[in-house]
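Following: one structure in C-alpha cells, then a few remarks.
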Amino acid sequence: MSKVYLTGAGPGDIELLTLKALRVVREADVIIYDRLVNIDILKEAKDTCECIYVGKENKQHILPQNEINKLLYEKSLIFKNIVRLKGGDSVVFGRGGEEALFLASKGVDFEFIPGVTSAIAVPEMANIPITHRGKSISFRVVTGYEVPEKGYAQINWETFKQDETIIFLMGLHQLQNICTQLLNIGKPKEYPVAVISRGTLPDENVVIGTLDDIYAKAKDLPTPALIVVGEVVGLREELMRNS
Ligand code: SAH
C-alpha cells in the first residue's frame, strides 16, 4: 500500500527540519518538492529516490496545481513512499489541504507531517517574538496574495484595528498597499514594521522601519520575504544586544 506524506520542510535552515520529516525523506521512493524547500534536505534521500521539482514562483506556478495532484496520484500507483515536500508547513498557505482532499478523493492514503512555519520561526530567529506579554496577545498570519478577479477572499482591513501582531506572507509586492491600508484604519505612522528576507538562511536580511518608511527601505529585498507588523518588532533591538 502506498502513502503520500504531505511534509513541511521548515523555513530554510536545515536544522529546522523535524525528525519525522527527516525519517520520511530518508525512506522516500520519490520526493516532489517546491521552490522554498532547502535542497540540501534532498541529500538525505536514498540514491534511488526520484526527486521532482515542481517549484512555485510568486505568481507563475511552474507546474499547475492540477498537474501536481495528477503527479502525486500517478506516483502513488507505482511507489510505496511518496513525499510531497513544501517550505514551512504544508497547510500554511501551502495547499496541503487541497492535495489531501484530492488524494482522499482518489482513495490514496496520506499523512500530514507538520513543518516549522516561516510565519513564526522567521520572526523568532530574527529576535522578534510574535507574542509578548503587554505588547501582543494574539497574532494573525495573512496572505498578501490577493487575486480578486479569481474570486479569492479579500482582506477586510477594518478587522486589523486591534493591537496584535500581523504577519503577512507573500506580501512583499503588496508592501506599499499594506502600509497604506493600515494607516487608513488609524494606525500611527510610527507603528513598527519589519521585513525579513530569506529568514533563517545565511543571507538573511532584516529591515526595521515604520508604516511610514518601510516601503522605501525594504521594497527591493530578495524573496522569500515576510512582513511583521506590531509592537513586538520593537523588542528586536534589545534582544540583539545579547544574541
Ligand atoms: N507554507 C509556508 C508558507 C508558504 S507561502 C510556511 O509555512 O512557511 C510563501 C511565503 O512564505 C513567502 O512569500 C514568504 O512570505 C514566506 N516565507 C517562506 N520562507 C521564508 C523565509 N525563509 N524567509 C522569509 N519569508 C519566508
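This is a predicted model, so every value here is computed, not measured. Computation of the quantities below employed the complete heavy-atom set of this structure, encompassing side-chain atoms and omitting hydrogens, waters and symmetry-equivalent molecules. Ligands are counted one by one from 1 in listed order, and the atoms in each one are counted from 1 as well.
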- prompt: Heavy-atom distance to atom 7 (O) of ligand 1: which of V91, D13, T117 wins?
  reply: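 Residue with the shortest heavy-atom distance to the ligand atom: T117.
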Closest candidate by heavy atom, reference atom 2 (C) of ligand 1, pool G94, G87, P224, A121: G87
Would you mind telling me if ligand 1 is within reach of the side chain of [X], the backbone, both or neither, using heavy atoms under 4.0 Å?
{"X": "I196", "result": "backbone"}
{"X": "S90", "result": "neither"}
{"X": "K86", "result": "neither"}

Any N/O of [X] closer than 3.5 Å to an N/O of ligand 1?
{"X": "S197", "value": "no"}
{"X": "G199", "value": "yes"}
{"X": "A225", "value": "yes"}
{"X": "V92", "value": "yes"}

message: Taking the basic N atoms (NZ, or NE/NH1/NH2) and the acidic carboxylate oxygens, is any pair closer than 4.0 Å for E158 and K161?
response: yes
task: Please determine if D213 and K189 form a salt bridge, counting it only when a charged side-chain N lies under 4.0 Å from a carboxylate O.
output: no
Which of the numbered atoms in ligand 1 are below 4.0 angstrom from a heavy atom of [X]?
{"X": "L36", "result": "9 (C), 18 (C)"}
{"X": "F93", "result": "4 (C), 5 (S)"}
{"X": "P11", "result": "19 (N), 21 (C), 22 (N)"}
{"X": "M170", "result": "5 (S), 9 (C), 10 (C), 12 (C), 13 (O), 14 (C), 15 (O)"}
{"X": "S118", "result": "6 (C), 7 (O), 8 (O), 11 (O), 16 (C), 17 (N), 18 (C), 19 (N), 20 (C), 26 (C)"}
{"X": "L226", "result": "15 (O), 24 (C), 25 (N)"}

query: Hey, quick one: are V141 and M125 part of the same hydrophobic cluster, counting side-chain heavy atoms closer than 4.5 Å, chains of contacts allowed?
result: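 In one cluster: no.
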task: Just jot down the side-chain hydrogen bond (donor to acceptor under 3.5 Å, both in side chains) partners of D203, sequence neighbours excluded, or say none.
output: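 If we apply the side-chain hydrogen bond (donor to acceptor under 3.5 Å, both in side chains) test to D203, skipping adjacent residues, the hits are R198.
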field: Option from L183, T210, V229 for which side chain to side chain contact (heavy atoms under 4.5 Å, CB included) with Y191 holds
entry: V229
Side chain proximity check, I196 to E204, heavy atoms < 4.5 angstrom: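 A side-chain contact exists here, since the closest heavy-atom pair is under 4.5 Å.
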task: May I ask you to establish whether R140 and F160 are in a cation-pi arrangement, using a distance under 6.0 Å from NZ or CZ to the six-membered ring centre and at most 45° from the ring axis?
output: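 Yes, R140 and F160 form such a contact.
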message: Whether the side chain of S197 engages the backbone of P222 through a donor-acceptor N/O pair (distance < 3.5 Å, no angle test) should be reported.
response: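 Such a contact is found between S197 side chain and P222 backbone.
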message: Please determine whether the number of non-hydrogen atoms from other residues, nucleotides or ligands lying under 6.0 Å from atom NZ of K46 exceeds 12.
response: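 Yes - once you tally the heavy atoms of other residues, nucleotides and ligands closer than 6.0 Å, there are more than 12.
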task: Kindly say whether the aromatic ring centers of Y33 and Y53 come within a distance under 6.0 Å.
output: yes
